[in-house]
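As C-alpha cells, the structure follows; a few thoughts come after it.
The chains referred to below are lettered A, B, ... by the order of the sequence lines, with proteins before strands, and numbering in each begins at 1. Not measured: the values here are computed from a predicted model.
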2 protein chains.
Amino acid sequence: MKAKEEYQKLENQICFSLYAASRLVTKCYKPLLKDFEITYPQYLVLLVLWEQEAVSLNFIAEKLLLQSNTLTPLVKRMEELELLTRTKSHMDERSIIISLAEKGRAIKDAAIDLPFELVSGFNFSMEEITMLKTLLDKLVNNLNDDQ
Amino acid sequence: MKAKEEYQKLENQICFSLYAASRLVTKCYKPLLKDFEITYPQYLVLLVLWEQEAVSLNFIAEKLLLQSNTLTPLVKRMEELELLTRTKSHMDERSIIISLAEKGRAIKDAAIDLPFELVSGFNFSMEEITMLKTLLDKLVNNLNDDQ
DNA sequence: TATATTTGAGTCGTGCACGACTCAAATATA
DNA sequence: TATATTTGAGTCGTGCACGACTCAAATATA
C-alpha cells in the first residue's frame with residue numbers, strides 16, 4: 001500500500017489513463033471517418049441505426065449513454081447531412097423516430113473494415129483486447145447502475 | 001472468429017466501451033470536484049502542479065497529452081479562478097510558466113482522499129484496477145508513439 | 001374523470017477538445 | 001552571420017457533453 005500522496009500523482013491515476021486513452025482512440029478514428037465526413041459520435045449513432053433502421057431518439061440515447069441535450073443537436077446535424085431523418089411518432093407524440101437514410105446506409109458497407117483498421121493500431125494481442133473490453137464493460141455497468 | 005458484420009455492432013466495439021467508461025468516470029468526478037469548484041481537466045492541471053509548482057505550459061501539455069489550443073484557454077480560466085498564475089519565461093520568451101497559486105495549493109490537502117472515493121465507486125478488486133490501468137497505459141503508449 | 005406526476009425532447013449556457021492556422025522567438029543550416 | 005526551419009503559445013471555428021431548466025404529452029393516482 002502506497003502513501004496517500006502517491007495517488008495524487010498523475011502517473012498513478014487510472015482515471016487519467018482512461019481519459020487519455022479515450023481521447024487518443026477518438027483521434028485515431030478521425031482520419032478513417034474523414035472519408036465519410038462524419039465524427040466519432042455520429043459514427044456511434046450510425047452503428048445503432050445499422051442494427052435497427054428506425055428507433056426513437058430515446059433508444060439511441062440509452063444505447064450510447066447520452067442525454068437528449070447532447071443527442072438532439074447531434075442528430076439534427078446528421079439530418080442536415082442526409083444520413084438520417086427525424087419524424088414524430090404516432091404512438092407517442094412526445095417521441096421522435098430516427099430513421100436511417102440512404103447516405104447513412106451506404107456507409108455501413110464502405111466502413112466494414114473500420115473496426116479492424118482501428119483496433120490493429122492498438123498493437124494488442126487478442127487476449128489483451130478481450131481483457132480490456134471485459135474490464136471496461138464491467139466498469140460501465142458498475143458506474144451506470146449507480147445512477 | 002466472428003463475421004465482419006459482428007464487429008459493426010455497438011456491443012462488440014471496445015472503443016465504445018472506452019468512450020462510455022471515460023465519460024461516466026468524468027461524471028463521477030463532478031460531485032466530488034464541485035466542493036472545489038473546478039472541472040476534471042482543471043483537476044488534472046492541478047495534479048501536475050502539485051508535483052512541480054512551476055512548469056511551462058508545454059510541459060503540462062505533454063503530461064496531459066493536450067494541445068496548446070485546448071490548454072491555453074483552460075489555464076486562463078484557472079488564472080481567473082486564482083488557482084495559478086501565468087508569467088513569461090526569461091529563458092525562452094516564447095514560453096509561458098504556469099505557477100501554482102495559494103488557492104490551487106489549498107486544494108491539494110483538501111482533495112487528498114478524492115482518488116479513493118472515486119475508485120471505490122468502481123467496485124473493482126485491486127487486481128482488476130491494476131490490470132485495467134496496465135492495459136490502458138499500454139494502449140496510451142502504443143497510440144501516442146504512432147504520432 | 002380531474003389532478004398530480006412522470007417522461008421524451010428540447011433550449012440555453014459553459015467548458016472542453018481539436019484541426020487549421022498565425023506569429024514571434026529560438027535554433028539550425030548554408 | 002544571414003536565411004531557413006522549428007518551436008511555443010496563441011486565435012478561430014466547429015462539435016460535442018452536460019447541468020439546469022422548460023414544455024407538452026402520456027401515465028398514475030386520488
Review point. Do Ile60(B) and Leu49(B) have side-chain heavy atoms sitting under 4.5 Å apart?
Key: yes
Check your understanding: Any side-chain heavy-atom pair from Leu47(A) and Phe16(B) closer than 4.5 angstrom?
Key -> no
Exercise for review: Could you tell me whether the side chain of Leu18(B) reaches within less than 4.5 Å of the side chain of Leu132(A), counting heavy atoms only?
Suggested key: no
Atom pairs under 3.5 Å: protein N/O with N/O of nucleotides 5-7 of chain D:
{"residue": "dT7(D)", "atom": "O2", "partner": "Arg94(B)", "partner atom": "NH1", "Å": "2.8"}

**Study point:** Nearest-Å distance for atom pair CD1/P, residues Ile96(A) and dC23(D)
**Key:** 18 Å
Point to revise | Rounded interatomic separation in angstrom, taking CG from Asp92(A) and C1' from dT27(D) | key: 10 Å
Study note, to complete from the structure: Looking only at heavy atoms, the pair that brings Ser22(B) and Tyr19(A) closest together is OG-CA, 3.8 Å
Review point. Can you check whether Phe59(A) reaches Ile98(A) side chain to side chain, under 4.5 Å on heavy atoms?
Key: no
Are there any protein N/O atoms within less than 3.5 Å of an N/O atom in nucleotides 11-14 of chain D, and if so, which ones and at what distance?
{"residue": "dT11(D)", "atom": "OP1", "partner": "Lys76(B)", "partner atom": "NZ", "Å": "3.2"}
{"residue": "dT11(D)", "atom": "OP2", "partner": "Lys76(B)", "partner atom": "NZ", "Å": "3.3"}

Practice item. Give me the ring orientation class for Tyr43(A) and Tyr29(A): parallel if the planes are under 30° apart, tilted from 30 to 60°, perpendicular past 60°. Key: tilted
Review point. Between Leu65(A) and Ser56(B), which has a closest nucleotide on DNA chain D that is more 5'?
Key: Ser56(B)
Review point. Would you say the side chain of Leu46(A) lies within less than 4.5 Å of the side chain of Lys108(A), judging by non-hydrogen atoms?
Key: no
Exercise for review: To the nearest Å, give me how far apart CG (Leu64(B)) and P (dC16(C)) are.
Suggested key: 12 Å
Check your understanding: Can you tell me how far P of dA17(D) sits from CZ of Phe16(B), to the nearest Å?
Key -> 11 Å
Check your understanding: What is the distance, rounded to the nearest whole Å, between atom NZ of Lys88(B) and atom C1' of dG8(D)?
Key -> 11 Å
Side-chain donor-acceptor distances from residues 67-81 of chain B under 3.5 Å, at least two apart:
{"residue": "Thr72(B)", "atom": "OG1", "partner": "Ser68(B)", "partner atom": "O", "Å": "2.9"}
{"residue": "Glu79(B)", "atom": "OE1", "partner": "Arg86(B)", "partner atom": "NH1", "Å": "3.3"}
{"residue": "Glu79(B)", "atom": "OE2", "partner": "Arg86(B)", "partner atom": "N", "Å": "3.4"}

Check your understanding: So what does the secondary structure string of DNA chain D come out as, 5' to 3', with Watson-Crick or wobble pairs under 3.5 angstrom, [ ] for crossing and | for pairs with another strand?
Key -> ||||||||||||||||||||||||||||||
Check your understanding: Roughly how far, to the nearest 0.5 Å, is the NZ atom of Lys30(A) from the CG atom of Leu32(A)?
Key -> 12.0 Å
**Study point:** Nearest-Å distance for atom pair OH/P, residues Tyr29(B) and dC16(C)
**Key:** 15 Å
Exercise for review: Under 4.0 Å between any heavy atoms, over every strand shown, what does Leu66(B) touch: base, sugar-phosphate, or nothing? Just pick one.
Suggested key: sugar-phosphate
Exercise for review: Would you please confirm or rule out a distance under 4.0 Å between OP1 or OP2 of dA17(C) and any side-chain N or O of Tyr19(A)?
Suggested key: yes
**Study point:** Rounded interatomic separation in angstrom, taking CG from Leu71(B) and P from dG19(C)
**Key:** 15 Å
Review point. When we call it a touch if two heavy atoms are under 4.0 Å apart, what does Leu74(B) touch: a base, just sugar-phosphate, or nothing?
Key: sugar-phosphate
Review point. What pairs meet the salt bridge (Lys or Arg N to Asp or Glu O under 4.0 Å) rule with one or both residues in residues 37-54 of chain A, with sequence neighbours excluded?
Key: Glu53(A)-Arg105(A)
Check your understanding: Taking side chain as C-beta onward, heavy atoms only, is Lys88(A) less than 4.5 Å from Ile97(A)?
Key -> no
**Study point:** Whether over 12 other heavy atoms sit under 6.0 Å from Lys63(B) NZ
**Key:** no
Check your understanding: Any donor-acceptor pair under 3.5 Å linking the side chain of Trp50(A) with the backbone of Gly104(A)?
Key -> yes
Exercise for review: Identify, residue by residue, the members of residues 31-46 of chain A with a heavy atom below 4.0 Å from DNA chain D, and return them in order of residue number, or none.
Suggested key: Thr39(A), Pro41(A), Gln42(A)
Exercise for review: Find out whether Leu44(B) and Leu66(B) are in side-chain contact, i.e. whether some heavy atom of one side chain is under 4.5 Å from a heavy atom of the other.
Suggested key: no
Review point. Would one find a side-chain N or O of Arg86(B) under 4.0 angstrom from OP1 or OP2 of dG10(D)?
Key: yes
Practice item. Measure from the side-chain heavy atoms of Arg23(B) and tell me the nearest of dC18(D), dA25(C), dA9(C). Key: dC18(D)
Review point. Within the pair Gln67(B) and dG19(C), is there a side-chain N or O less than 4.0 Å away from OP1 or OP2?
Key: yes
Point to revise | Atom-pair distance (NZ on Lys27(B); P on dA20(D)), nearest Å | key: 12 Å
Practice item. Side-chain contact test, heavy atoms from C-beta onward, threshold under 4.5 Å: evaluate it for Phe36(B) versus Leu114(B) and give yes or no. Key: yes
